[in-house]
Amino acid sequence: MAKKSYRQAINEALALEMRRDPTVIVMGEDNAGGMGAPGADDAWGGVLGVTMGLMPEFGRERVLDTPISESAFIGAAVGAAATGLRPVAELMFVDFMGVCFDQIFNQAAKFKYMFGGNAVTPVVIRTMYGAGFRAASQHSQTLYPMFTHIPGLKVVVPSSPYDAKGLMIQAIRDDDPVIFFEHKVMYDIEEEVPDEAYTIPFGEANLTREGEDVTIVAIGRMVQFANEVADTLAKDGINCSVIDPRTTSPLDMDTILESVEETGRLVVVDEASPRCNMATDISAAVAQHAFAALKAPIRMVTPPHTPVPFAPQLEDLYVPNPAQIETAVRAVAGYAR
Amino acid sequence: MAKKSYRQAINEALALEMRRDPTVIVMGEDNAGGMGAPGADDAWGGVLGVTMGLMPEFGRERVLDTPISESAFIGAAVGAAATGLRPVAELMFVDFMGVCFDQIFNQAAKFKYMFGGNAVTPVVIRTMYGAGFRAASQHSQTLYPMFTHIPGLKVVVPSSPYDAKGLMIQAIRDDDPVIFFEHKVMYDIEEEVPDEAYTIPFGEANLTREGEDVTIVAIGRMVQFANEVADTLAKDGINCSVIDPRTTSPLDMDTILESVEETGRLVVVDEASPRCNMATDISAAVAQHAFAALKAPIRMVTPPHTPVPFAPQLEDLYVPNPAQIETAVRAVAGYAR
Amino acid sequence: MLQSNRQDLLKAYTQMRTIREFEERVHTEFAGGTIPGFVHLYAGEEASAVGVCMHLGDKDHIGSTHRGHGHCIAKGCDVKAMMKEIYGRKGGLCGGKGGSMHIADLSKGMMGANGIVGGGPPLVCGAALTAKTLKTGGVAVAFVGDGGSNQGTTLESYNLAKVWNLPVIFVIEDNGYAESTASEWSVGGSQTKRAEAFGMPGTKVDGNDVFAIHEAAQEAIERARAGRGPSLLHVKLSRYFGHFEGDAMTYRADGEVEALRRDHDALKIFRKRVTEAGLLEAGQLNEIDTDIAAFIDEAVAEAEAAPPPTGDDLLTDVYVSY
Amino acid sequence: MLQSNRQDLLKAYTQMRTIREFEERVHTEFAGGTIPGFVHLYAGEEASAVGVCMHLGDKDHIGSTHRGHGHCIAKGCDVKAMMKEIYGRKGGLCGGKGGSMHIADLSKGMMGANGIVGGGPPLVCGAALTAKTLKTGGVAVAFVGDGGSNQGTTLESYNLAKVWNLPVIFVIEDNGYAESTASEWSVGGSQTKRAEAFGMPGTKVDGNDVFAIHEAAQEAIERARAGRGPSLLHVKLSRYFGHFEGDAMTYRADGEVEALRRDHDALKIFRKRVTEAGLLEAGQLNEIDTDIAAFIDEAVAEAEAAPPPTGDDLLTDVYVSY
Ligand SMILES: Cc1ncc(C[n+]2csc(CCOP(=O)(O)OP(=O)(O)O)c2C)c(N)n1
Ligand SMILES: Cc1ncc(C[n+]2csc(CCOP(=O)(O)OP(=O)(O)O)c2C)c(N)n1
Ligand SMILES: [Mg+2]
Ligand SMILES: [Mg+2]
């Protein structure tokens, strides 16, 4: 098994599914690149190179570059999905949702329900999220809570190359609209990833660390921070379970509740803005369904309620970090009623 | 003091502020109505008549009808606010946010921060929300959690005519972007409302019932249901405090925490879809900050995770109702560890 | 040409009459309080839906607006199931979950009425992309109001359809108003110039003349089927009822609707033309009228008798699997 | 006319040279690793910002794109504070919180670079509405890329500006590419026809000729100031660097940029024209070049020496009050 980056893992998932199923198409701004230009074709492969190489293999009929018209082409992906294709459309940065959200949350998400069940909309929307790239307020947001809020959407937030590949293949084969969040800072992270196709089911959390003292739930890029903290604290005799939900909708609350039943202590780490985010979503569900087991206050580790700042020094303070997670875990571990 | 409807209260707030401050303008689709048409002028006053009568008094220069181009005119309101006006723009139904959200969440909300403090954007966006009107999936949503999620926005959800007037005047005088949620089913509710201008500060909850057994936090239209339930249960000796936060951003957590410190029991009622909503937001904050006081699981009363259905029978099942609230309150009141 | 085929003439009239009867009846029933929600009626605009959809088959798709009943009927949806849907009943086209604003039948290529002005054109580009990619030979039609022609999603779709060379036809149904706002005021420039400015042909058509619409649509659709890309029809027509049921229409001129009904009615014009030219006889048309009136009576009766959805239905149909 | 006034000629050249020097220097420094983030450079497009903004004063507003440095300089923003901003330092135009993509100074009427393609035009309509409502006599200019001309927000703004008769000028800076995609492909129809289709004049201008831009802008701005509504300029020009810093530009033809720099450079064309016509002397221009080079050296040195923002700054400036 070869080491592959998060970027490669996603690319490979796309290529495998395009080979397997002729109805799978890919579209987005510069997803091949060089359209109509005098120089090289496949010049970009997407802004950070994720779709590079697909166009040469599958042709421009199945790897479509688009004008900068997100409503039109994301909507076209939705309409194509409702009529027989399985499009994977790229919303370059999730921050751009504001110019095309209608086609996602009012159209794709609601067709099946509004039409009394008589619709299938297997569209995947790939999108980049997250801070740490010095990309400032309009290119750094972590907006999966908004998509998770919407009934009818599925939301995937892979935290590793292995998961990214398996979840992407599942997303493409899935018959519901899926929003697939890729953390822009993680593209170069590598790990062993099988060459062949495999799927990871939605709604099944991954237990990346096991411990009986504290449950840490972390999402996306925050999983690696949580793992680090768990490893550090294990040396001090504080044993953490780390749960990576992998999909925020559906959400595997069973695994989280089971763990909290054992540990009685919960820390949730979320890179999203703190209000109405996944940290509140999970914490509230635990406070409702596992209250009797709770031995300490729930602690949420999130950024502050501010836009993402540009200056590197500020951005580094903005993103939740292992030290903050460690403080929170120590606080709940040491809490006595 | 005369009885006035929620609709009249908002209309009066707009008129009073327009008289007071010549930089206040109003805009939206058919906000006057009849633009360019052969018949009556001021033909609509907005789709449910809220802005009726403003145009005859203030003229078309200050009450602007718009084409159906939400990005352009909501964005124009934002740009006008940043350059010296105090526009009150109507996004007819909040469900339409998907065609113009960028101008709200990436532009208005972030100017001040991105520009290092050197911006003031006193725009108010009025919008209708909520189910119960048989208006189906795309005209019935309760989307304030999405706006609450965004740093830089203030979010107002008045639950009565009195509050609607005072909060609207505050919204117009406020120097930050404000999203003002009007429940379409509440427009005809009446109560005593003073004729003169008054403001209700943001971030100050209203305690509509006082009781020491259970804290109910309810938002918007749900406040009246919570009050009903509190009154019913008081007869059975279960005494509830009912807290109406009035604004979800800023949120008066102090009042909520104080109450839970006393009661130890919390029910949150939210008409929004259940994931990442205000019920989770408030519940999670309580589980973090008032854990020691909690004597029972927190209970959230929300609609199911589905789009809003059309058929009246289904819609009535969809919206949280007093019976569900009562069940939740009884459950937490009777809970013993 | 529509004139050249008796079967087509009968079909065109039958469909127009069905739409008219359906809408007049929904208007009456709504006033009686038996129909819930926002209902936007298509009466007065029949020739557009029918003139265009007569060229379409099941492999072709249409995307409609909030004013969708006429497009639905013209695209061959089950009229009785439509009525049930508008009443919010079991057996409705969408099981009562969608209602008038979301009435749809993908199996007939009807992608739905849409509660979002401008919601349809991007979706229609998608249906056209499917047709192009899978080489089905299909085309896709986006119906758009004059008000909807100012929505960014619509304008972007013009460009996308052009740039991707999609088999799309945009049909701007300009009934003069968006709610209470006159299109004369709200539409800068002109619809056909807009089409041309994005690189596609734009043609203005009299929306009360089903023959003219049929002909213009034929050209646009043939062009699309031949792989020659999108085009736009600007159809001038009128609505007879309010923006939605309940609208008092004070913004319209006194007698405006009466005059339209008297002098510019698409069904009357059709009738006059075909009978005067000896293509059909008045008796035949009267018979159709009678049959359809009875059929719509039945549809209403069945809708009123149908049970509402139940609690179980609330939670189904959100996902294929979850 | 620009030619008729020596002061204006000197100002035009100084501004173009300042932008060029600024951008060339940011390019170099970025390559050296001292500048963080996404940086989009305006080198090659100077004549557009300068030719337009020379007509504007503090009561006039502009809305920029992600490629905003040139507009900023032309609108009179503090160049040293700009450099600090791009470095993310205290004393930056936005305190280091915005960076290159959000550089702004509302007190100068510069409404911001914008990270959202198409984000600016609606905002600019708003500034024009303020000018109209408060009768300030101001106008507002929206700079838009060729790629941005396909965004629905831009197209809606054309119509809104027309319908509300706003004093807006849309300047389409068509540099041939949106990222790696050719405008030849992505733009259906034509920019000027689009303007006309929405009911406003559209004029195509050579973007390497500051005289031509100045003249065309003057007409559009005078028109707007006179209350005669919006218009559009389609400015054809080129960018010398990649889409953003780090772009290898493989999509461009071999030697494309070299040829542009050699034969179509706005600064060279200006220099040739004014010296040949005896309007200015080469020595004067050389002196300006030298002064500006030194000034930009200073700006870089000061930016590098400026401290970064601190933890306290993270939480400020979210609200006026909360
Ligand atoms: C995005 C959006 N904005 C506004 C509305 C409210 N609305 C519904 S129909 C309508 C008028 C549409 O006018 P037009 O497109 O001319 O269609 P018509 O009603 O005349 O058939 C408006 C403003 C909406 N549903 N969606
Ligand atoms: C809504 C949105 N979509 C996509 C992008 C990513 N993006 C940034 S610049 C750009 C190309 C813009 O091209 P053009 O408008 O021609 O401006 P230029 O870069 O050539 O100056 C793209 C696609 C974005 N920032 N915002
Ligand atoms: Mg209309
Ligand atoms: Mg460009």
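Every chain is numbered from 1 and lettered A, B, ... according to where its sequence line falls, protein lines coming before strand lines. None of these values were measured; they are calculated from a predicted model. Only heavy atoms go into these numbers, but all of them, side chains included; no hydrogens, no water, no symmetry mates.
- Side-chain contact, Ser149(D) with Gln191(D): a donor N or O sits under 3.5 Å from an acceptor N or O.
- Contact of Phe73(B) with chain D is made through backbone and side chain together, with heavy-atom distances under 4.5 Å.
- Taking the six-membered ring wherever Trp is involved, the centroid distance between the rings of Phe147(B) and Tyr144(B) does not fall below 6.0 Å.
- In this structure, chain B has no heavy atom under 4.5 Å from any part of Leu155(D).
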Donor-acceptor contacts under 3.5 Å from residues 104-127 of chain D side chains, at least two apart:
{"from": "Asp105(D)", "atom 1": "OD1", "to": "Ser107(D)", "atom 2": "N", "distance (Å)": "3.1"}
{"from": "Asp105(D)", "atom 1": "OD1", "to": "Ser107(D)", "atom 2": "OG", "distance (Å)": "2.6"}
{"from": "Asn114(D)", "atom 1": "OD1", "to": "Gln107(B)", "atom 2": "NE2", "distance (Å)": "3.0"}
{"from": "Asn114(D)", "atom 1": "OD1", "to": "Ile116(D)", "atom 2": "N", "distance (Å)": "3.1"}
{"from": "Asn114(D)", "atom 1": "ND2", "to": "Gln107(B)", "atom 2": "OE1", "distance (Å)": "2.9"}

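- Only the side chain of Leu134(D) comes within contact range of chain B, judged by heavy atoms closer than 4.5 Å.
- A donor-acceptor contact under 3.5 angstrom links the side chains of Ser249(B) and Tyr322(D), judged on distance only.
- Annotation: maximal heavy-atom pairing with chain D below 4.5 Å, among Leu64(B), Ile25(B), Val120(B), occurs at Leu64(B).
- Using a 4.5 Å cut-off between heavy atoms, Thr316(D) touches chain B through its backbone atoms (N, CA, C, O) alone.
- Between His40(D) and the choices His69(D), His71(D), His243(D), the ring pair (Phe, Tyr, Trp, His ring centres under 6.0 Å) rule is met once, by His243(D).
- Contact check for Met97(B) versus Glu70(B): no side-chain heavy atoms found under the 4.5 Å cut-off.
- With hydrogens and angles left out, the side-chain atoms of Ser48(D) and Glu173(D) include a donor and acceptor closer than 3.5 Å.
- Using a 4.5 Å cut-off between heavy atoms, Ser321(D) touches chain B through backbone and side chain atoms alike.
- The candidate with the highest count of non-hydrogen atom pairs below 4.5 Å against chain B, out of Trp164(D), Tyr319(D), Tyr158(D), is Tyr319(D).
- Of the listed residues (Asn118(B), Asp102(B), Thr121(B), Ile74(B)), the greatest number of heavy-atom pairs within a distance under 4.5 Å of chain D belongs to Asp102(B).
- Note on Asn159(D), Leu129(D), Asp313(D): by heavy-atom pairs under 4.5 Å with chain B, the leading option is Leu129(D).
- Of the atoms belonging to Asp175(B), heavy atoms from both backbone and side chain fall under 4.5 Å from chain D.
- With chain D as the partner, the residue from Gly117(B), Cys100(B), Pro250(B) showing the most heavy-atom pairs under 4.5 Å is Pro250(B).
- Geometric assessment of Lys154(B) against the ring of Phe202(B) yields a negative cation-pi assignment under the 6.0 Å and 45° thresholds.
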